[in-house]
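Report on the structure given below.
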Amino acid sequence: MPRYNPATIEPKWQQFWEEHKTFATDRLPATEKRYVLDMFPYPSGDGLHVGHPEGYTATDIVCRYHRMRGRSVMHPMGYDAFGLPAEQHAKKTGTPPRETTEKNIANFRRQLKMLGFSYDWDRELATTDVAFFRWTQWIFLKLFDTWFDVEAQCGRPIDELPIPADVAAAGDEVVRRYQDEHRLAYQVEAPVNWCPKLGTVLSNEEVQGGISERGGHPVVRIPLRQWMLRITAYADRLLAGLDDVDWPESIKLLQRNWIGRSTGAEVDFFIGTSIGPDGRPPEADFAAWQTARRGKSFPAKEGDDVLRIYTTRPDTLFGATYMVIAPEHPLVDRLTSDEQRAAVTTYREQAARKSELDRTDLAKEKTGVFSGSSAINPVNGTAVPIWIADYVMMGYGTGAIMAVPAHDERDFEFAQQFDISIKAVVDPGGAVDADVRRAILAGEQVFTDHGTAVNSGSYDGLATAAFKKQITGDLATGGVARAAVNYKLRDWLFSRQHYWGEPFPILHELDADGQPTGLLRAIPADELPIDIPDMKMPETSESPEPPLEQAPEAWLYPVVDGVRYKRETNSMPQWAGSCWYYLRYLDPANDQQLVDPEVERAWMPVDLYVGGAEHAVLHLLYARFWHQVLFDHGLVSTREPFRRLVNQGMILGEAEFTGYQADGKEWISASRVKTSADGALLADGKTPVVSVTIDPDQVEKQGDGFVLKNENAIKVESRSFKMSKSRGNVVNPDEVVREYGADSLRLYEMFMGPLEATKPWSMSGVNGVRGFLDRVWRMIVDDRAESPTLNPAISDSPPDDEQNRVLHRTIKAVTEDIEALSFNTAISRMMEFTNFFTKQSERPRAAMDALVLLLSPFAPHIAEELWAALGHADTLAYEPWPEWDESALVEESMELPAQINGKVRSRITVPTDADRPALEAAARADARIAELLEGKTVVKVIVVPGRLVNFVVK
RNA sequence: GCGAGAGUGGCGGAAUUGGCAGACGCGCUGGACUUAGGAUCCAGUGGGGUAACCCGUGGGGGUUCGAGUCCCCCCUCUCGCACCA
């Protein structure tokens, strides 16, 4: 048989699997099911990078393993194919996005097949398929048709929304508008993140410190009509659901922080209807207001005579020395005195402009301006001056706070800057040093922890937690406060100004003059899909007008029942398709339903979901949200879609040595080089230097770092960088497959290290695992023979005891390692097996069969080829997984360390089942130990059977 | 700044959860076979020491017969979040 040649055997087996539909999955599982899912890729023009096959190989191993264990495996693949690049390409070249996308998908498909993954290709889908996004639109209609019943904590159909009597009385149109306000999908005219360069609005999640996450372009805030999804309604459910899933704690924490639930109180501060000459509302008005509020329930909407604030620390109300409202707060105008008006106007303009810039840069120093007026603190009737400052944001809570500088770091900083008084109301007691406590109580230092109330009237002496509860209750009785919950999570901005995205199935009613009436009409589900119209892409413009505004009239202005409508011209964000694609795989051709409930119940939830950690928050939160809405409608049977989640780590480029050179090519030691604030490389903080990649053989180890061989004083850095085109360290899977084969690529990616870890690429490592596959090949076949011949060492006799022990130890280790997703160690075990058996002149066929089966999930092509060479007629994909025999593992004797004072001084060979006295005796009998114990007092003997013997001596 | 994770040979990484540190692979050294080797095979490979032995898991302390593993303090790196009241 010839040498191992992946270039011929890999395509051969891929073709075999394809022709025989080896991995096609039945509609319903016949045995215990496993749904193993990869995060589907965005089919970029660059093709797969080596990061993709990492997760995909891991799931493929799990799937192939489970099939051999007799389980019914669902393992599909598809493409998250909407995306900006195809659209930008279209603008540049005129190529329709669909054409570009399909070309890219074809390339991805070729690459995925080249790697031998055991997907059921009949279930392949792309989010851009009209037959797929028909159901994305259908789900949108569900969202549109849902309101959230807070009492029941459940989404319900909109026609079950209770209509208040006054609304009902006002007529049909008012009822419709009322319903529209309560839908999970709703429209707002709100300031949004508009990115002129990308030509679209971005979600808060896609903006990092004033620039777009993708591309790094500036983002400005402009008001636009947008679709929102009311994900905040599901905040508590999304939080609670995390307790029921087997996800990495770090990811759960990320989601919990993102949702950012806090509890506290909303409190109304009286501002009256007019500002008195002293800047505060008249005392009498306050008294009247207090009386009017007492005993009443806290109004759902604050009147215009109060400033409503949210606080998590109602126990610090007595320490509120000023208040802050956001510059965008609706009461700014009213609360500004004439004297302050000019200053306030200037400040608001500055603040508005500031939000267009990178705010993080400006976040160093707090800014603000006094409004000239005050509000009345409901706990003690004190007038509290109101400031306007942009460290309070309109989007969170009520957009207004009471500031307690003594017990909040931001307020403390602000108060110091503007010389506002600081009043301590929480005594840390013994929790801090005495002088720190003194400083805190004197208002010289901030203290944000819990403690004991002081300067708080009758509440003095209460512990923080008790105080919170007490005062919230007291104020609620007075009708001026209520317990409240807030979330950092914002509603999800769901519309984009793209051509290449799912159109919304929504029509806007037009009046006789062709103007929108503001009334909406959802397109009936049976009229879906709404396809993307064929049209010429508009010229690049930086206006926020969606491209679909220039769609053909016939598409844009449909007439239904004699009424003229204009279609919604925004499109859905790329996240939409990925929110539910895992459901469609189960029933991809169904044109009656999103998924057949019987099929859904049989396969869901996803048992294992593997993908990059970059989706920790967005994709996984959005998908969970949609899933819960679908659950509320009885469309899916599980509360959570993904039972177990694993994040594969990033693969970095090959390790590089970097040195630094000044102008004249003179080397500068890396220890002197720092990156300055603006990103420039400076030596000793002043001389500019450039970084130079150094050949590994110019470098040697010295101390705990590396230095130049020629100039030992020059330190160089050693590290790996993220793969990027600009750095030129991208590894192309096509090339690796061409050079080493798909099995080697798969095996190497699994051998690099733990799946979750970030690891650097190493081409010689690939070469190493290829060497292993070569050895496996030669262990079994005679690679010098012309015709297919087994290695003469292969024998039909049964394994001897030692061979059997190695065999069963390997089966056990590999099986347990696969279960634990510890693929790197599983491969090590198979290497040990191979190292052992290549030295054996008799290699029992049974052992070879077993190894080939163990190897097959990792390197399926070579395994199939060897399986055939060993005389088996059919694919090994459904061969029973080898089982180990515990009794074959036991050895008669073993070697144990014998220690004196915890240091290994000798090794003893003892029967495996030796008891404590026998072990101690054996150790004492050892010549070396006996010699060392001579003349010493043995204080204690520690014997751990199967582990060691340790003498503690004096 | 806050939060999470991680620091083990020249490199990637192992170590049944407190029990022989460095499995396995790369690289390196020597040897064999070769016209040749970026093929294959054999041997060696944490550091120091002729040796007995000593030192070694980022640094410092501690618990323990015994610590990579547990506790305290510190340093470095990576990834999130970034005025969330």
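Since we're looking at a predicted model, the values are computed, not measured. To find a chain, count down the sequence lines: A is the first, B the second, and so on, and within it residues start at 1.
- Toward the 5′ end of RNA chain B lies the nearest nucleotide of A/Arg829, the other residue of the pair A/Arg829 and A/Glu739 mapping further downstream.
- The gap from the P atom of B/rG49 to that of B/rG38 amounts to 32 Å, rounded to the nearest Å.
- Closest approach to the A/Phe751 side chain among B/rG25, B/rC65, B/rG13 is made by B/rG25 (side chain taken as heavy atoms from C-beta onward).
- In this model, no donor atom of one side chain and acceptor atom of the other lie less than 3.5 Å apart for A/Ser828 and A/Thr825.
- Residue contacts shown for A/Gly397 are absent, as no nucleic acid heavy atom lies under 4.0 Å away.
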Response to the item:
Per-nucleotide protein contact along nucleotides 40-63 of chain B, 5' to 3', at a 4.0 Å heavy-atom cut-off (B base, S sugar-phosphate only, - neither), is SSS---------SSSS--------
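- Counting to the nearest Å, the P atom of B/rA23 and the CZ atom of A/Arg809 are 15 Å from each other.
- Relative to the side chain of A/Ser250, the nucleotides B/rG3, B/rA4, B/rG19 differ in distance, and B/rA4 lies closest.
- In terms of modelled atom types and a separation under 3.5 Å, the side chain of A/Asp315 and the main chain of A/Phe467 share no donor-acceptor contact.
- Set against B/rC81, B/rC26, B/rA85, the side chain of A/Lys488 has B/rC81 as its closest nucleotide.
- Atom CZ in A/Arg313 sits about 11 Å away from atom C1' in B/rA85, given to the nearest Å.
- For B/rU57, there is no paired base (Watson-Crick or G-U wobble, both distances below 3.5 Å).
- Nearest-nucleotide mapping onto RNA chain B: of A/Asn767 and A/Ser718, the residue sitting toward the 5' end is A/Ser718.
- Within 4.0 Å of A/Leu254, counting heavy atoms only, lie sugar-phosphate atoms of the nucleic acid but no base atom.
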Fill in: salt bridge (Lys or Arg N to Asp or Glu O under 4.0 Å) between A/Arg308 and A/Asp268, worked out
CA-CA 4 Å; A/Arg308 179 166 291 180; A/Asp268 282 349; 2.7 Å; yes
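- For A/Glu832, counting side-chain heavy atoms from C-beta on, the closest listed nucleotide (B/rG25, B/rA23, B/rA14) is B/rA23.
- With both pairing distances under 3.5 Å, B/rG37 is matched to nothing as a Watson-Crick or G-U wobble pair.
- With respect to A/Glu931 and A/Arg905, no salt bridge is recorded, no charged nitrogen being found less than 4.0 Å from a carboxylate O.
- Side-chain N/O atoms of A/Lys759 include none lying less than 4.0 angstrom from OP1 or OP2 on B/rG12.
- Each of B/rA15, B/rG25, B/rC26 was ranked by its minimum atom distance to the side chain of A/Thr825; first place goes to B/rA15.
- When the P atom of B/rG13 is taken as reference, atom CD of A/Glu749 falls 14 Å away, rounded to whole Å.
- Across the protein-nucleic acid pair, A/Arg261 atom CZ and B/rA85 atom P stand 12 Å apart, rounded to whole Å.
- Comparing B/rG25 with B/rU34, their P atoms sit 27 Å apart, to the nearest whole Å.
- With salt bridges taken as basic N to acidic carboxylate O contacts below 4.0 Å, none links A/Glu920 and A/Arg916.
- Comparing B/rA85, B/rC24, B/rG19 against the side chain of A/Asn835 picks out B/rC24 as the nearest.
- We find that NZ of A/Lys722 is positioned 12 Å from P of B/rU78, with the value rounded to whole Å.
- Between A/Asp411 atom CG and B/rA85 atom P there is a gap of 12 Å when expressed in whole angstrom units.
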Item to complete: Would you check, one step at a time, whether the test salt bridge (Lys or Arg N to Asp or Glu O under 4.0 Å) holds for A/Arg770 with A/Glu739?
Response: CA-CA 10 Å; A/Arg770 168 60 194 265; A/Glu739 189 106 352; over 6 Å; no
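- For A/Asp390, counting side-chain heavy atoms from C-beta on, the closest listed nucleotide (B/rC83, B/rA85, B/rA4) is B/rC83.
- Pair check for B/rA43 finds B/rU29; Watson-Crick or G-U wobble, both atom distances under 3.5 Å.
- A salt bridge links A/Glu886 with A/Lys812; the closest basic N to acidic carboxylate O contact falls under 4.0 Å.
- There is no side-chain donor-acceptor pair under 3.5 Å between A/Tyr748 and A/Asn767.
- With a cut-off of 3.5 Å on both pairing distances, the Watson-Crick or G-U wobble partner of B/rG19 is B/rC65.
- Comparing B/rA85, B/rC26, B/rC65 by their closest approach to the side chain of A/Ser764 singles out B/rC26.
- Here A/Glu895 lies in heavy-atom contact (under 4.0 Å) with a base.
- In the set B/rG12, B/rA85, B/rC83, B/rA85 carries the atom at the smallest distance from any side-chain atom of A/Tyr310.
- Using a 90° window around 0 for the glycosidic torsion, B/rG9 falls inside it and is classed as syn.
- Ring geometry for A/Phe823 against A/Phe858 counts as perpendicular: the plane angle is over 60°, on a 0 to 90° scale with 30° as the lower cut.
- In this structure, the nucleotide among B/rG13, B/rG19, B/rG25 sitting nearest to the side chain of A/Met831 is B/rG25.
- Between B/rG12 and A/Asn824, no contact under 4.0 Å exists linking OP1 or OP2 to a side-chain N or O.
- Pairing for B/rA4 is with B/rU78, a Watson-Crick or G-U wobble pair whose two hydrogen-bonding atom distances lie under 3.5 Å.
- Rounded to an integer number of Å, the gap from A/Asp315 CG to B/rA85 C1' is 13 Å.
- The distance between atom OH of A/Tyr740 and atom P of B/rA39, rounded to the nearest whole Å, is 11 Å.
- Listed for the A/Ser762 side chain is a donor-acceptor partner under 3.5 Å among the backbone atoms of A/Gly765.
- Between A/Ser262 and B/rA85 there is a side-chain polar atom (N or O) within less than 4.0 angstrom of OP1 or OP2.
- As judged by a 4.0 angstrom heavy-atom cut-off over every strand, A/Leu948 is placed among the base-contacting residues.
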